[in-house]
Q: 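First the structure, which I've put down as structure tokens, then a few questions once you've had a look.
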Amino acid sequence: MSGSAIEQVHARQILDSRGNPTVEVDVRLDGGVVGRAAVPSGASTGVHEAVELRDGADEWGGKGVTRAVANVNGEIAAAVRGLDATGQEAIDHVLIDLDGTPNKGRLGANAILAVSLATARAAAAHAGAPLYRWLGGDDARTLPVPMLNVINGGVHAQNSIDLQEFMLVPVGGNSFADALRIGAECFHALKALLHERGLATAVGDEGGFAPDLGSSEDAIEAVLEAGRRAGHADRVAIALDPAATEIWRDGAYRFEGVEKSPEEMVAYWAGLVARFPIVSLEDPLAEDEWSSWNQLTVRLGDRVQLVGDDLFVTNPERLRRGIDERVANAILIKVNQIGTLTETLEAIRLAQRSGYRVVISHRSGETEDTTIADLAVATTAGQIKTGAPSRSERVAKYNQLLRIEEELGDRAEFPGWDAFPRARR
């Protein structure tokens with residue numbers, strides 16, 4: 001354990017990309033290396049997520065995290081001091097047991113996660129290894145297909161579109177760098193297209209545009225037209241994140257002036273998949289509508305990726321239920337939904353063993369922390385959601401993936417179309 005024992009843990013309050021406080025932690029080992037991590041925060045959150053600890057006082061509109069910071073600098077620091085940072089699982093279980101609640105609500109998932117991730121970074125630095133290799137070993141060489149949220153709606157933007165994310169997926173790229181180039185070129189073509197139509201080109205929380213389009217179908221068609229204008233019509237596909245829990249009210253889905261029953265919503269998605277080159281639907285139904293999810297999976301599961309976000313909340317127990325009940329065929333992974341790196345990796349391994357695809361994801365309130373980029377490569381996830389190629393907290397993740405691909409050289413792999421089930425070619 002020479003040099004890898006935790007000597008000091010220090011937390012501070014910093015700001016995320018929406019100007020709200022979040023937790024950042026430095027973990028110093030007795031060998032002198034330091035690991036730093038900052039945690040994100042979501043706007044569209046499921047009721048089953050681990051609990052962010054917020055102050056609730058007048059300062060910062062109640063969103064301060066000084067209590068979470070104090071928990072790190074006091075109780076948590078005392079509990080992990082002297083432990084071997086290379087024993088990630090043991091440290092994470094100390095944190096889980098120390099909190100003692102099922103949702104990490106006593107100490108705060110934001111406090112616990114910051115320590116968990118900073119410990120992993122310190123251990124990687126001690127080993128002299130990049131984080132992706134420390135977590136994934138020598139087999140970590142698959143770069144993810146980026147899913148770029150180029151049109152924002154719902155809670156991510158104050159506009160006319162009720163569905164949350166319209167993503168451009170550069171599946172036809174020959175490498176991650178090539179795919180990112182395609183995505184960026186389409187993004188700029190989309191800006192020009194929207195400007196021509198007299199629509200706003202200001203961006204939402206995740207870097208995408210937030211125009212007042214007439215419907216979700218109009219948004220899809222605008223993204224595809226941008227792909228054609230950029231010369232990439234046959235190299236791009238569409239992914240959607242409707243965040244359907246946000247539009248579920250009193251037994252029906254209400255959005256853009258219409259109301260649909262669960263059965264009608266299933267038919268609506270089937271119709272869109274038939275009309276457009278859609279490769280992924282994330283949270284197309286509400287988080288606890290298990291029977292409707294099953295109907296959708298039976299109807300579309302062999303044709304399109306069906307991703308559980310609010311449905312699974314990176315929680316192995318909810319994922320096991322989904323596997324048993326034949327619900328969805330992919331899981332969205334957000335480290336702050338579950339609160340430790342160990343539990344995150346457990347959810348990923350369970351999904352992959354069960355034939356579910358894995359999408360590593362950011363949150364709408366992000367920082368410049370790039371851990372999820374390394375995590376995507378470490379786990380051979382094959383897909384990453386981290387926003388439009390706009391705003392530095394989003395681009396930071398893409399730039400880290402460019403560095404990783406460069407470091408891997410000829411060993412780097414990029415799945416392209418193969419990342420998705422029966423994707424159209």
Q: Say whether, by atom type as modelled, one donor and one acceptor occur between the side chain of Glu405 and the main chain of Ala177 under 3.5 angstrom.
A: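 Answer holds: yes.
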Q: Does Lys191, at its NZ atom, have more than 12 non-hydrogen atoms belonging to other residues, nucleotides or ligands within less than 6.0 Å?
A: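 12 or below, so no.
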Q: When you check the gap from the basic side-chain N to the acidic O, do Glu225 and Arg197 get nearer than 4.0 Å?
A: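 No, Glu225 and Arg197 are not salt-bridged.
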Q: Should we count CG of Asp138 as having more than 12 external heavy atoms under 6.0 Å?
A: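 Counting neighbours around CG of Asp138, 12 or fewer heavy atoms of other residues, nucleotides or ligands fall under 6.0 Å, so no.
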Q: What is the distance from atom CD1 of Ile338 to atom CD of Glu317, rounded to the nearest 0.5 Å?
A: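 These two atoms lie 9.0 Å from each other.
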Q: Can you spot which of Ile91, Val115, Leu135 makes a side-chain contact (heavy atoms from CB on, under 4.5 Å) with Leu341?
A: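 So the option named by the test is Leu135.
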Q: I'd like to know whether CD of Glu89 has more than 12 heavy-atom contacts from other residues, nucleotides or ligands below 6.0 angstrom.
A: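 Check fails, neighbour count at 12 or below.
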Q: Does the Glu59 side chain pair with the main chain of Gly64, one donor and one acceptor, at a distance under 3.5 Å?
A: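 Here the side-chain-to-backbone pair does not exist.
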Q: Using a strict 4.0 Å threshold on nitrogen-to-oxygen distance, state whether Arg229 and Glu196 make a salt bridge.
A: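 Yes.
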Q: Answer yes or no: is there a donor N or O on one side and an acceptor on the other, between the side chain of Gln88 and the main chain of Ser116, under 3.5 Å?
A: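 The answer is yes, because a donor-acceptor pair under 3.5 Å joins these two groups.
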Q: I'd like to know if Arg363 and Asp16 make a salt bridge, using a cut-off of under 4.0 Å between side-chain N and carboxylate O.
A: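 Salt bridge absent between Arg363 and Asp16.
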Q: Distance from Thr379 atom OG1 to Gln352 atom CD, nearest 0.5 Å?
A: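 Rounded to the nearest 0.5 Å, the OG1-CD separation comes out at 6.0 Å.
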Q: Listing request: all ring-ring contact (aromatic ring centres under 6.0 Å, His included) pairs with a residue in residues 279-322, at least two apart in sequence or in separate chains.
A: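 The answer is none; no pair qualifies.
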Q: Is there a donor-acceptor contact under 3.5 Å from the side chain of Thr142 to the main chain of Gly382?
A: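 Side chain of Thr142 to backbone of Gly382: no pair is present.
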Q: Compare all side-chain heavy atoms of Arg275 with those of Glu217 and state whether any distance is below 4.5 angstrom.
A: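 Yes, close enough: below the 4.5 Å cut-off.
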Q: Any salt bridge linking Lys385 with Glu206? Criterion: basic side-chain nitrogen under 4.0 Å from a carboxylate oxygen.
A: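 Between Glu206 and Lys385 there is no salt bridge, as every charged N stays at least 4.0 Å from the carboxylate O atoms.
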Q: Please check this pair: side chain of Ser215 against backbone of Asp218, looking for a donor-acceptor N/O pair closer than 3.5 Å.
A: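 Yes, the answer is positive, given that a donor and an acceptor are paired below the 3.5 Å cut-off.
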Q: Below 4.5 Å, heavy atoms only, C-beta onward: do Val39 and Val335 meet side chain to side chain?
A: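 No, side chains not in contact.
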Q: Looking at Asp324 and Arg321, is there a salt bridge between them, counting it only when a charged N and a carboxylate O are closer than 4.0 Å?
A: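 No, this pair does not count.
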Q: Could you tell me the separation between the OG atom of Ser361 and the CD1 atom of Ile384, rounded to the nearest 0.5 Å?
A: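 It is 8.0 Å, given to the nearest 0.5 Å.
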Q: Is there a side-chain contact between Ile161 and Ile151 in this structure, where contact means two heavy atoms from C-beta onward sitting under 4.5 Å apart?
A: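 SC-SC contact between Ile161 and Ile151 confirmed.
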Q: Give me each pair satisfying ring-ring contact (aromatic ring centres under 6.0 Å, His included) with a member in residues 349-400, each pair once, sequence neighbours excluded.
A: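 The answer is none; no pair qualifies.
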Q: Excluding sequence neighbours, so at least two apart, what forms ring-ring contact (aromatic ring centres under 6.0 Å, His included) with Tyr268?
A: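 For Tyr268 the ring-ring contact (aromatic ring centres under 6.0 Å, His included) partners, ignoring immediate neighbours, are Phe255.
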Q: Measure the shortest side-chain to side-chain distance between Ile348 and Ile360 over non-hydrogen atoms and say whether it is less than 4.5 angstrom.
A: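 A side-chain contact under 4.5 Å exists here.
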Q: As a test of understanding, state which of Val377, Thr380, Leu408 forms a side-chain contact (heavy atoms from CB on, under 4.5 Å) with Arg141.
A: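 Option passing the side-chain contact (heavy atoms from CB on, under 4.5 Å) with Arg141: Leu408.
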Q: Is the closest side-chain heavy-atom distance between Val25 and Arg36 below 4.5 Å?
A: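 The answer is no; the side chains never approach within 4.5 Å.
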Q: Using the six-membered ring wherever Trp is involved, compare the ring planes of Phe187 and Phe209 and label them parallel, tilted or perpendicular (cut-offs 30° and 60°).
A: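 The rings of Phe187 and Phe209 lie parallel, inter-plane angle below 30°.
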Q: Any salt bridge linking Glu343 with Lys104? Criterion: basic side-chain nitrogen under 4.0 Å from a carboxylate oxygen.
A: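 Counted as a salt bridge, because a side-chain N and a carboxylate O are separated by less than 4.0 Å.
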Q: Taking the basic N atoms (NZ, or NE/NH1/NH2) and the acidic carboxylate oxygens, is any pair closer than 4.0 Å for Asp205 and Arg394?
A: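 The answer is no: the pair does not qualify as a salt bridge.
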Q: Find out whether Leu95 and Asp99 are in side-chain contact, i.e. whether some heavy atom of one side chain is under 4.5 Å from a heavy atom of the other.
A: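 No - every pair of side-chain heavy atoms lies 4.5 Å or more apart.
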Q: Quick one, Leu296 and Leu306 - any side-chain contact, counting heavy atoms below 4.5 Å?
A: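 Yes, their side chains come closer than 4.5 Å.
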Q: Is the shortest heavy-atom distance from the side chain of Leu168 to the side chain of Leu224 under 4.5 Å?
A: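 Result no, sub-4.5 Å side-chain heavy-atom pair not found.
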